[in-house]
Amino acid sequence: MKTKIFKYMAFGICGCMTLGLASCGEDFLDKTPESDYVASTYYNTDAAVIKAIEPLYNRAWHEFNRRSLMAMGSIRANDAWNPYVSAEFARFQLTGLDENVAAAWSALYNVVSMTTETIDNVRNYATGDVSEAVKNQAYGECYLLRATAYFYLLRGWGEIVLYENNQEIINEPIRPLTKEEDVLKFIVRDLRRAVDLLPVVGADHHPSRYAAKAMLAKVLLAQSGWNKATRDEATLKEVVTLCDEVLNCGQYSLMDDYEQLFRMQNNDNPETVLALRWAKPSSNEYGSMNATYSDLASNDISDDVNVWGGSLCPSPDMIDYYNEEPADSFRLRGTFFTYGRHYDYLWTNAGGYTYMKNWMQVKKGVLGRKADAGGELDQMASPLNTYIMRLSDVYLTKAEALLGNQTSTSDPQALAAFNATRLRAKVPAKTSFSFDDLVRERRIEFCMEYLNWFDMVVWYRWKPQYMLDFFNNKQHRAFEIRENDILRNDDGTFSYRAFLNSGTDCWYFTDWTNTGGGVYWNDFMAKNVDVNANNAMENGNIIKTKKEGYVYDVNALVSQNKNLLPITLNEANIFMPYPETDVIQNPYFTQPAQDYDFGE
C-alpha cells in the first residue's frame, strides 16, 4: 500500500497547486494562474479558491474515467459486450494484476487525497480576503466529491482503506481495511457536512446543497439495506424526504428528449445534478479531458477522428428488454445505433447520418464528426461531461425507497416517481411496479452511463440470493452478437444471433449450425429480409428460431458443452480484487477489516 498511496498523496498534495487549473467549461473561470505559486500564498481571493476546486471535477478523476469506469459500471453490468473491450470485467476473471483495476483504485484515492488536501489548504492558508461563503463552498464541494469517491470504492471493493488526514497516511501508510458499514457511515457524515456547507444555489455550474442531498439520499438508500434482511424504514423515510427536497427545489428538471442528454450542446443541462466536467480538446490538457472517446466511437461514424472503438454491442439481456417494449424507442435510439435510424445532428455537413448496419453499436457518448461538436473533438478527447447523477436517478431513488421492503406497490407517490422516466421516454405509465420492474427501468434508463453495476452491488448487499439468481440465471454474459447478426422486425423488435462464451478464445465455437450449442437465435422472427444480402443467413435461410422449433436452454448448453465456459458470480468475485502491489506491501489486506475510529 505504501508506494501507491504515497505516490498519489504526492500528486494530491501538489496537483491542485501546479497542474490542470485551466477551465473545464465555458462558464468556469478562464484565467489560469501562474504555476510557480505555493499554497501559503495562493489562497488570497475568492476567485483563487474557486479555481483550486475545479481540477477536482476532471484531472483528479481522469484515470478512473479514462477506461476503468466504463468497464466497472457498464461492461461489468452486462450493458454491452465485446471480447476485446475490457472482457475480463464481463467474464469476472479479474486479478490484482489488471491495469484498469489498479488505475481505478489509485485514481479514486487520488480524488480522496486531493479533496482532503484542498480542505486543509483552505483552512490553513485562506487569507482574510476570502469570504466565509466561498470557504464553506470549497469545503462542501470537497466533502461531496470525497464521499462520492469513497462510494465508488465501497461498491467496487467492499472493505477499503479509509482515511481523512493526508499527513497521517503519509506517516503511517500501512493501514487496515475498514468494515463496509463504517465506510458507509463515513460517507454519510461527509455528505451531511456538504449539505450544511454548500450554498442553496450553485453558481457557474458548481453544485448546490441539493446535489449533496441527492447523493446523500442514494447513499442512505444503500445503507438502509446493507447486509440487512430488510431495509430500515426510518432511513427509507429520510431518503424520500431528501428526494422530495431535490425534486421540489426548482433547480432541476427532466429534459423532454432523452436523446438530447448526450449531446455536447446540452452539457450542463437542467437534468444534471452532479457531473465530471472536462476541458475542451482544444485546451490540449490531456489529463483534464474526457479520454473515453476513441474507445467508444467507430471510424465509420467519427471518420475524421482517430478512434478505434465502436465494437461494443448490447448484451442479449438489453436487446430482450427492448424487445419486451418496442415503444421504448427513444431511449434505445439515444443509447444504441440501430438499423435505419437517422440522426440529423450527426454528419451535419452531409445532411445527417443514417445507420445502415444489421447490428447495434453504442450511440451514447458518440458525437459524430468534428464539425458536429464545433471542432471540439479529437483522439481520446471529448467535451462531454460524465454524469455522476441525473435527476432521473433521484426519481428512481425515491421510487425504490417508497417500494421499500414490499413485493410491489401502487402507492401514488411511488408511481409518480417511477413513471417520471417512462413518461419522458414516451412509454405508458404503469399502475404498479415491483422490484423486478425497478431493476429493469434503471437498466434501460442508465444503460452505458457507467452506473448499473454499482446499483447491482447495492442490491446484492441487500438481496444477495435474489441478485445471484439474477446474475447467474437471468443474465446472458459474454454472449457475442456480431455485425450482420441483428435484424430489425416490422413490429420494432429485433431478431439476433448470439454466440456463447467459450472462455479466452471467443471466436472459436464447436458448432456454428442451427442445431448445436455454439449459437442460438432469440425468440423473435425476422420478416421481409433479403436473405442473399445478409450474412446473418445460412444457406439462404434464416437459422431456425425458438418459434420455429429450435428449443434451447442456455444454461444447459453452457454446462454440457466442454468448449463453453459458464460465468458464475458469487461472494468471491462480486467485488474486485485489490491491486497486487498493494496486497504485497500491506499485510492488513489479508486480515479481517476493522472498525473505523470516528473519534466520537
Side-chain angles (χ1 to χ4, degrees), residues 23-29 43 45-58 111 115 118-119 121-123 126 128-151 187-221 235 237-255 261 266-277 385 387-398 401 413 416-417 420:
S23 172
C24 50
E26 288 186 2
D27 294 308
F28 272 29
L29 295 173
Y43 294 89
T45 67
D46 284 359
V49 172
I50 295 299
K51 177 58 65 179
I53 302 171
E54 289 169 11
L56 303 179
Y57 292 90
N58 47 56
V111 178
T115 51
T118 302
I119 291 170
N121 284 341
V122 173
R123 182 180 293 127
D129 292 327
V130 178
S131 67
E132 286 300 312
V134 166
K135 286 192 287 186
N136 286 338
Q137 178 185 338
Y139 298 144
E141 291 190 46
C142 288
Y143 285 128
L144 171 60
L145 292 172
R146 186 170 75 180
T148 301
Y150 271 135
F151 196 37
I187 294 169
V188 169
R189 188 184 69 172
D190 262 8
L191 289 172
R192 292 196 190 282
R193 289 170 171 171
V195 168
D196 291 339
L197 291 164
L198 286 169
V200 174
V201 179
D204 293 330
H205 307 300
H206 286 266
S208 73
R209 68 180 55 171
Y210 292 101
K213 288 187 176 189
M215 186 59 70
L216 177 59
K218 192 172 178 72
V219 173
L220 286 173
L221 180 63
T235 305
K237 288 181 180 178
E238 183 179 2
V239 171
V240 173
T241 298
L242 287 165
C243 289
D244 281 341
E245 290 176 357
V246 176
L247 295 171
N248 297 325
C249 73
Q251 296 180 24
Y252 313 106
S253 60
L254 293 179
M255 292 193 72
L261 285 162
N266 295 323
N267 265 351
D268 303 307
N269 57 68
E271 190 166 332
T272 302
V273 177
L274 185 63
L276 304 180
R277 304 184 70 252
N385 292 350
Y387 290 116
I388 293 176
M389 180 174 285
R390 294 194 279 112
L391 190 63
S392 56
D393 200 343
V394 181
Y395 276 111
L396 291 174
T397 296
K398 178 183 177 181
Q413 284 193 68

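We're numbering straight along the sequence, starting at 1.
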Tell me the closest heavy-atom pair linking [X] and [Y], and the distance in Å.
{"X": "Gly202", "Y": "Pro199", "result": "CA-CG, 4.4 Å"}
{"X": "Cys243", "Y": "Val394", "result": "SG-O, 3.7 Å"}
{"X": "Leu220", "Y": "Val188", "result": "CD2-CG2, 3.9 Å"}
{"X": "Val111", "Y": "Leu145", "result": "CG1-O, 3.9 Å"}
{"X": "Val239", "Y": "Thr397", "result": "CG1-CG2, 3.8 Å"}
{"X": "Leu198", "Y": "Pro207", "result": "CD2-O, 3.9 Å"}

Handout entry: Under 3.5 Å: donor-acceptor pair, side chain of Asn267, backbone of Asn385
Key =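 The answer is yes, because a donor-acceptor pair under 3.5 Å joins these two groups.
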Practice task
Check for a donor-acceptor pair, side chain of Glu141 on one end and backbone N or O of Ser208 on the other, with a separation under 3.5 Å.
Solution key: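 Flag not set: sc Glu141 to bb Ser208 has no pair under 3.5 Å.
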Gap between atom [atom2] of [Y] and atom [atom1] of [X] - 0.5 Å precision:
{"X": "Lys51", "Y": "Ile53", "atom1": "NZ", "atom2": "CD1", "result": "11.0 Å"}
{"X": "Leu274", "Y": "Ile388", "atom1": "CG", "atom2": "CD1", "result": "4.5 Å"}
{"X": "Met389", "Y": "Lys218", "atom1": "CE", "atom2": "NZ", "result": "5.5 Å"}
{"X": "Leu391", "Y": "Tyr252", "atom1": "CG", "atom2": "OH", "result": "8.5 Å"}
{"X": "Arg209", "Y": "Cys249", "atom1": "CZ", "atom2": "SG", "result": "11.0 Å"}
{"X": "Tyr210", "Y": "Leu242", "atom1": "OH", "atom2": "CG", "result": "11.0 Å"}

Contact between [X] and [Y] at the side-chain level, heavy atoms closer than 4.5 Å - yes or no?
{"X": "Arg390", "Y": "Leu261", "value": "yes"}
{"X": "His206", "Y": "Glu54", "value": "yes"}
{"X": "Asn58", "Y": "Leu276", "value": "no"}
{"X": "Val219", "Y": "Leu191", "value": "yes"}
{"X": "Lys135", "Y": "Val49", "value": "no"}
{"X": "Glu271", "Y": "Tyr387", "value": "no"}
{"X": "Leu216", "Y": "Arg192", "value": "yes"}

Handout entry: Note: Lys398-Glu238 ion pair, threshold 4.0 Å (strictly below)
Key =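 The answer is no: the pair does not qualify as a salt bridge.
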Exercise for the section: Answer with yes or no whether the side chains of Thr241 and Asp244 bring together a donor and an acceptor at under 3.5 Å. Expected result: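 No.
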Practice task
Could you walk me through whether Asp393 and Val273 pass the side chain to side chain contact (heavy atoms under 4.5 Å, CB included) test, one step at a time?
Solution key: CA-CA 9 Å; Asp393 200 343; Val273 177; over 6 Å; no
Problem - Those residues that, when tested against Arg146, pass side-chain hydrogen bond (donor to acceptor under 3.5 Å, both in side chains) (two or more places apart) - result: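 Applying side-chain hydrogen bond (donor to acceptor under 3.5 Å, both in side chains) to Arg146 gives Thr116, Asp190.
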Exercise for the section: Quick one: list whatever passes salt bridge (charged side-chain N to carboxylate O under 4.0 Å, His left out) with Asp196, sequence neighbours left out. Expected result: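 With sequence neighbours excluded, Asp196 shows a salt bridge (charged side-chain N to carboxylate O under 4.0 Å, His left out) to no residue whatsoever.
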Exercise for the section: Check whether NZ of the Lys or CZ of the Arg Arg193 lies under 6.0 Å from the centre of the six-membered ring of Tyr143 and within 45 degrees of that ring's axis. Expected result: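 Cation-pi check for Arg193 and Tyr143: passes.
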Problem - Worked verdict on Ser392 versus Leu254 for side chain to side chain contact (heavy atoms under 4.5 Å, CB included) - result: CA-CA 7 Å; Ser392 56; Leu254 293 179; 4.1 Å; yes
Exercise for the section: Evaluate side chain to side chain donor-acceptor pair (under 3.5 Å) for Asn269 paired with Thr272, printing each intermediate quantity in order. Expected result: CA-CA 6 Å; Asn269 57 68; Thr272 302; 3.3 Å; yes
Exercise for the section: For the pair Ser131 and Asp46, evaluate side chain to side chain donor-acceptor pair (under 3.5 Å) and give the outcome as yes or no after the intermediate values. Expected result: CA-CA 7 Å; Ser131 67; Asp46 284 359; 3.1 Å; yes
